[in-house]
Amino acid sequence: MSETGSAQLLAAQQQAQEAGDDQLDPHVEFLQQLLRDNEFLQRENLLFEAFLAKVDMSKLGSLAEEEAAKKKKAARKSTMPMASQGAGARGPGGGKGEGAFSALTDEEKNDLVSQEVEMVQAEIEAIKKAGDKDIDDIRTLMEEVDMRIAETKKDTYEFKRDIIIGAENPRSGKVVAEKMIRFLEDKLRQKDATADKLRLKNTTTKALITKLEHQLAHKEEMGEVLHLVDFDQLKIENQQYMERIEERNNELLKLKLSTSRTVQVLNHLKSQLSDMVAAGHSLRRQIQERKQDLARFDSEYTSVLDEKGRGERTVRRLKLEQEDIDTPTIMDYIKLKHEVSELEKQLTDWRRKIDILTMEKSRKRTLLKTVATTQLPIPQRATPSGGGAGGNL
């Protein structure tokens, strides 16, 4: 209805502007005034309807009856003859006039508007309180979500560090099942401990709530009430507790920072330890290879000493045979001379090989002793039997 009245008012204004400001039609002015009055009455009716929807009708009816009785008493005291004439003129229909509502005065309208404003303000305050409560709930949920996200990130990091990287078998490249099971069991124990703590805290909180409820009921039964001084004392204690909570939060933040730094240092040391372990494995492989080379050199040295002994025995035998023969022929002499030269060449070659192997053996032993003293302890190795042969040389 108000939109229709506004549209009619705008149309009347446009017609007035088209007619001209100098010659304004009085009918148009009257129409505009009626539209404004109609719009005002529509708003007033909407306000009354809103007020009636919120107020109890039984109370409103009793108040209206009281007001009407007061007005009738005042009218009867002031004008008794006029009242008697009016009663004779109404006849049997006078009961209907007594039950009808009279028009509201400006003061009553003002009271209604004030009450409506107070109701609207109360609704706004209630909506604000509900909104603040919803905001607090949402903020609490967001903090809980952030804490769960942080815990999930921490669990993911620990799982990657301890299982995906730490529990991987370097030979097969697969995750060791025992470490995986141990990790899950540790996590389950941590969850059980946290659940026990929360359960104990919940039980303590319920007991505290029950105790406070009993105290409150006892105070209500005894008729005790809290005075302003008690509220001030509670406010002071609340402020002190809030300061303590802030201090504990700051200490917790410092501990979290120190824990993060400690975790970083621990990760760095773990990386260094893994590097050292890898270097130790490589050194063990090198030592094993050098030991194998040394064993091979020992076997070759022993075989060379055996061949040298056989060659010396052959030379002595040949010399004895040469001494036993009285008059050898020229061809036998040439052959023997050639064989002797060949054997001497072989003997020279073998002696060179023995010297080279002896030098290589001593160098390998020195290198092994150096590596053993600098990196890892090496068990004492027995002296090979070939050493005696080398001494004989």
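It should be emphasised that the depicted structure is a prediction, and the values quoted were computed from it without experimental measurement.
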Item to check | Intermediate values then yes/no, side-chain contact (heavy atoms from CB on, under 4.5 Å), Lys235 and Gln239 | outcome: CA-CA 6 Å; Lys235 287 181 181 178; Gln239 185 66 27; over 6 Å; no
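- Considering all non-hydrogen atoms of both residues, Arg199 and Asp196 come closest at NH1-OD1, 2.8 Å.
- Of the possible polar contacts, one joining the Asn250 side chain to the Glu246 backbone as a donor-acceptor pair under 3.5 Å is found.
- Within a 6.0 Å sphere centred on CZ of Arg296, other residues, nucleotides and ligands contribute more than 12 heavy atoms.
- For Lys187, the side-chain contact (heavy atoms from CB on, under 4.5 Å) partners are Asp155, Glu158, Phe183, Gln190, not counting sequence neighbours.
- Taken to the nearest 0.5 Å, the CG atom of Asn45 stands 10.0 Å off from the CZ atom of Phe40.
- A salt bridge is defined here as a Lys NZ or Arg NE, NH1 or NH2 lying under 4.0 Å from an Asp or Glu carboxylate O, and Lys179 with Asp162 fails to meet this definition.
- Gln286 places a side-chain heavy atom less than 4.5 Å from the side chain of Leu283.
- With hydrogens and angles ignored, the 3.5 Å screen pairs no side-chain donor or acceptor of Asn202 with any backbone N or O of Leu198.
- Around the CZ atom of Arg352, the shell of radius 6.0 Å holds no more than 12 heavy atoms that belong to other residues, nucleotides or ligands.
- When every heavy atom of Thr370 is checked against every heavy atom of Thr373, the shortest pair comes out as O-OG1, 2.9 Å.
- There is no side-chain donor-acceptor pair under 3.5 Å between Arg261 and Gln264.
- In this structure, the side chain of Asn267 engages the main chain of Val263 through a donor-acceptor pair within 3.5 Å.
- In plain terms, the two heavy atoms of Asp136 and Arg139 that are nearest each other are OD1-NH1, 3.1 Å.
- Here the shortest heavy-atom pairing between Tyr301 and Ile354 reads CE1-CG2, 3.9 Å.
- Residue pairs satisfying the ring pair (Phe, Tyr, Trp, His ring centres under 6.0 Å) criterion with at least one member in residues 256-284, sequence neighbours excluded, are absent.
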